[in-house]
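Only a predicted model underlies this, so the values are computations on that prediction, with no experimental measurement involved.
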Amino acid sequence: MEAEEVLAGLDPDQREVAEATRGPVCVLAGAGTGKTRAITHRIAYAVLTGVIAPQRVLAVTFTTRAAGELRGRLRGLGAPGVQARTFHAAAYKQLHYFWPKVIGGEPPRLVESKLGLVAEAARACRLSFGRTELRDAAAEVEWAKVTQTRPEEYTVSAAKAGRTPPAETAEMARLYDAYERIRRDRNLVDFEGMLELTAAIFTDHQEIAHQFRDQYRYFVVDEYQDVNPLQKLLLDTWLGERKDLCVVGDPNQTIYSFTGASPSYLLNFTIEHPAAKVVKLVRDYRSTPQVVHLANGVLAQARGEAREHRLELVAQRPAGPAPTFHQHDDEVAEAEGVAKKVRELLDEGVPAREIAVLFRINAQSEPYEHAFADAGLPYVVKGDDRFFERAEVRQAVVLLRGAARSVNEGEPLVRAVRSVLASAGLTEQPPDGRGAARERWESLAALAQLAEDVAAARPAAGLPEFVAELEERAGAQHAPTLEGVTLATLHTAKGLEWDAVFLVGLVEGTLPIIYAEKSPEQVEEERRLLYVGVTRAREHLALSWALARSPGGRKSRRRSRFLDGLAPQSSGPPRVDRGKRKAAAQGPQPCRICGRPLTAAIERKLGRCEGCPSDYDEELLTRIKDWRVATSKEQKVPAYVVFTDATLQAIAERAPRSEAELASIPGVGAVKLERYGSAVLALCRGGAPSAPADLVD
């Protein structure tokens, strides 16, 4: 391919990126604007014009699938040989290559999951953790390591960052220290340690750094808004004094700050690199003008830094249907309503795999699984497991590989694949209900569907070519699309797209999630999460919420604030009574002790200045704390999700006797009142609480 051919078909902004072959370059790319196209054409153009040799290029992204896609596109553009890897894959290769030269012996063994070591560390610290708490503790250790926080620094750093670990920060620091001791004693390294060790080798051994920098001279980093401090440290050691760095990202899609990711590296790129060229990609080729208009509307209400850096998308597709908004009495009715609309889309010819139902947390999938099963609709729950690591998939690939060696020439690919998969358990119809049998069938059906896709794209392909396709996809973790409506969280949906998207459960306390209320920055991240959901839709988009959790429950939920000004007023939240509206109009809440206006969140929650004296029933506070512990364990959620410490303190100080008194305490919203009100009031009256409420959203 000639260099000028690479530029053909690019829009003016994409072409500007491609022609900026020397760094530093910062590409701010909105959702659906063709950022992968722009950066792959930039690399290919640089290679074909002789600016850089392909083996001198290192392109870094965040998923194995994205790295595989980069390599595939670059091959098609005439630039094979470019290294495209994740941060972890690149560090793993470098560590294993340089370790024998500078350290000697075998490098530490990689631990792919922290859960086992965290559980052992918890036992050593005599901490009683369930599986949910162990996952939270593992996530906390990961946050500490990516932010370069040592165990002895954890307590101060966690408090400063507003972290909410599954145990007191001092106990969490002890667990973190025990985890590190166990890991070192066994010569193990986790993913964060692997990045840290690689950076340390380059820093401490300049000859190694020079050798690496002589090999790689041209760097591209995708999804730069998701880079964490540890990844930035490694990137800096790779670069040295070089300036040929191109970063690509979207500040409007920053949704992983809870893991330590920071958009500051993207937003401050021109401060770190004053000579950087900045290009904005805003032409949206994914979504209809109606969907793009709503996406822009979500961000138009953003506050703070997010508003300053938002990208206004410009739709390039023909017009489509307007997004719809639906209010339901309860979650069951909401799920049934979505199932009905999905059936209509299927009848109109929209494939099931081009439809998605997206929600804030995994627990919200249950009513949709039931509704879809009752309606006979195919669906797939998208999780974190890797498709090619499933037992049934590994078995099927082995069978297909064996069949490929004795294939009958001329046998159609689809028939050959289905014949093999039938021996592995694939039937014409899926098994009833949910469970392991259904999940196994879905995996095999996905392989059969992939065979049909390959046959359609390459009619001459046979079993050997299909097996080669599977092996390449397995290496890139590029799973085939399962045939069914996708049920997924908003976080796992990032980077994906569908013809039709249903955004469900859009109520206060869920989006924004209740524990995001502790800071405006976290609320804004929740807004960006909705934006990510909206921009997953190509054509059909529906947004919905339910006023009650269960049929017959009190309809006290309020529609998400993020829909204010976007959804029709007629389908808005329940009307706020005049008394509350009047109170809101009177200005800041006064301290009930000294009368000073309260501005700090914790003071508003307590109803008094932090320095003002308080009197409360210590026995009551102990009782409600014990109740919270029992409830959180029963529901398998962190204690703060039930009520924060500040809210419990406020309850103990005011000792409410009625629902109205309890509801007046900040932190006790309509959702919490419905779930926990009767139990808390019983405790305040000196009685025993009722059984723990249903699982928190």
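A distance-only check finds a donor-acceptor pair linking the side chain of Q364 to the backbone of R360 [under 3.5 Å]. Within the 3.5 Å criterion, the main-chain N or O of A488 finds no donor-acceptor partner in the side chain of T492. Between the R557 side chain and the V507 main chain, no donor and acceptor come within less than 3.5 Å of each other. At distances below 3.5 Å, not a single donor-acceptor pair connects side-chain atoms of W441 with backbone N or O atoms of L426. With hydrogens and angles disregarded, no donor-acceptor distance shorter than 3.5 Å links the side chain of Q327 to the backbone of F325. Without hydrogens or angle criteria, T147 side chain to W143 main chain gives a donor-acceptor distance under 3.5 Å. Side-chain atoms of R527 do not come within 3.5 Å of backbone N or O of V523 as any donor-acceptor pair. In this structure, Q14 contributes its side chain and D11 its backbone to a donor-acceptor pair below 3.5 Å. At least one donor-acceptor pair closer than 3.5 Å links the side chain of S287 to the backbone N or O of A537. Side chain of E354 to main chain of W498: no donor-acceptor pair is present (N/O by atom type, distance under 3.5 Å, no hydrogens or angles).
The salt bridge (charged side-chain N to carboxylate O under 4.0 Å, His left out) search around R418 returns E452, not counting sequence neighbours. For E508, the side chain to side chain contact (heavy atoms under 4.5 Å, CB included) partners two or more places apart in sequence, or in a different chain, are P512, E517, R558, S560, R561. In this structure, the side chain to side chain contact (heavy atoms under 4.5 Å, CB included) partners of T259, at least two apart in sequence or on a different chain, are Y256, A261. Residues passing the salt bridge (charged side-chain N to carboxylate O under 4.0 Å, His left out) test with E497, sequence neighbours excluded: R286, R538. E469 is linked by a salt bridge (charged side-chain N to carboxylate O under 4.0 Å, His left out) to R458, R473, counting only residues two or more places apart in sequence or in another chain. By the salt bridge (charged side-chain N to carboxylate O under 4.0 Å, His left out) test, D250 pairs with no residue at all, sequence neighbours left out. With sequence neighbours left out, D222 forms a side-chain hydrogen bond (donor to acceptor under 3.5 Å, both in side chains) with K35. Applying the side chain to side chain contact (heavy atoms under 4.5 Å, CB included) rule to E192 yields the partners K114, E142, K145, V146, D190, L230; only residues at least two apart in sequence or on another chain are considered. In this view, P321 and E539, H540 satisfy the side chain to side chain contact (heavy atoms under 4.5 Å, CB included) rule, not counting sequence neighbours. For E140, the side-chain hydrogen bond (donor to acceptor under 3.5 Å, both in side chains) test picks out Y154, R163, with sequence neighbours left out. Every residue two or more places apart in sequence or in another chain that forms a side-chain hydrogen bond (donor to acceptor under 3.5 Å, both in side chains) with R75 is listed here: E472. Partners of H328 by ring pair (Phe, Tyr, Trp, His ring centres under 6.0 Å), not counting sequence neighbours: none found.
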Problem set entry | Derivation and outcome, side chain to side chain contact (heavy atoms under 4.5 Å, CB included), residues D499 and I355 | CA-CA 6 Å; D499 286 345; I355 304 173; over 6 Å; no
Exercise. Can D13 and K280 be said to form a salt bridge (charged side-chain N to carboxylate O under 4.0 Å, His left out), step by step?
Worked result: CA-CA 7 Å; D13 298 329; K280 293 183 178 181; over 6 Å; no
Exercise. Going through the distances and angles, do L487 and F359 end up as a side chain to side chain contact (heavy atoms under 4.5 Å, CB included)?
Worked result: CA-CA 8 Å; L487 306 182; F359 31 76; 4.1 Å; yes
Problem set entry | ring-ring contact (aromatic ring centres under 6.0 Å, His included) between F62 and F87, intermediate numbers included | CA-CA 7 Å; F62 279 79; F87 273 103; 5.7 Å; yes
For this session: Give the intermediate values and the outcome of side chain to side chain contact (heavy atoms under 4.5 Å, CB included) for residues F466 and L450.
Result: CA-CA 9 Å; F466 182 67; L450 180 60; 3.9 Å; yes
For this session: Go through the steps for V342 and F502 under the test side chain to side chain contact (heavy atoms under 4.5 Å, CB included), then give the verdict.
Result: CA-CA 9 Å; V342 167; F502 293 82; 3.7 Å; yes
Problem set entry | Working for side chain to side chain donor-acceptor pair (under 3.5 Å), residues Q225 and T254 | CA-CA 6 Å; Q225 78 279 352; T254 302; 5.7 Å; no
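Separating the CG atom in D226 from the CG atom in L266 is a distance of 9.5 Å, to the nearest 0.5 Å. The distance from the CG atom of L134 to the CG atom of D136 is 9.0 Å, given to the nearest 0.5 Å. Residue L7 holds its CG atom at 12.5 Å from CD of E16, rounded to the nearest 0.5 Å. Here L294 contributes atom CG and L313 contributes atom CG; the two are 11.5 Å apart, rounded to the nearest 0.5 Å. Taken from CD in Q83 to CZ in F219, the straight-line distance is 12.0 Å, to the nearest 0.5 Å. Within the model, atoms OG1 of T510 and CH2 of W545 stand 14.0 Å from one another, a figure rounded to the nearest 0.5 Å.
Listed here is the closest heavy atom pair of Q290 and G320: OE1-N, 2.9 Å. A90 and R85 make their closest contact through CA-CD, 3.9 Å (heavy atoms, listed as atom of the first residue, atom of the second, distance). Listed here is the closest heavy atom pair of A59 and I43: CB-CD1, 4.3 Å.
In this structure, L77 and T40 have side chains that are in contact, with non-hydrogen atoms separated by less than 4.5 Å. Annotation: side chain of V227 is not in contact with side chain of S262 (no heavy-atom distance under 4.5 Å). Under the 4.5 Å side-chain criterion, counting only non-hydrogen atoms from C-beta, L358 is in contact with V501. Residues S544 and L503 fail the side-chain proximity criterion, which asks for heavy atoms closer than 4.5 Å.
In this structure, the ring of F258 has its center less than 6.0 angstrom from the ring center of H491.
Ion pairing of D284 with R317 is absent here, as no side-chain N (NZ or NE/NH1/NH2) approaches a carboxylate O to less than 4.0 Å. Under 4.0 Å is where a charged nitrogen must lie from a carboxylate oxygen, and between R73 and E69 at least one such pair does.
Heavy-atom contacts from other residues, nucleotides or ligands closer than 6.0 Å to NE2 of H293 number 12 or fewer. Within 6.0 Å of the CD atom in Q395, the count of heavy atoms belonging to other residues, nucleotides or ligands exceeds 12. Under a cut-off of 6.0 angstrom, the local environment of NZ in K341 is sparse, with at most 12 non-hydrogen atoms contributed by other residues, nucleotides or ligands. Counting non-hydrogen atoms of neighbouring residues, nucleotides and ligands closer than 6.0 angstrom, the OH atom of Y92 reaches no more than 12 such neighbours.
T36 pairs with exactly one of V248, L70, T61 by the side-chain contact (heavy atoms from CB on, under 4.5 Å) rule, that one being L70.
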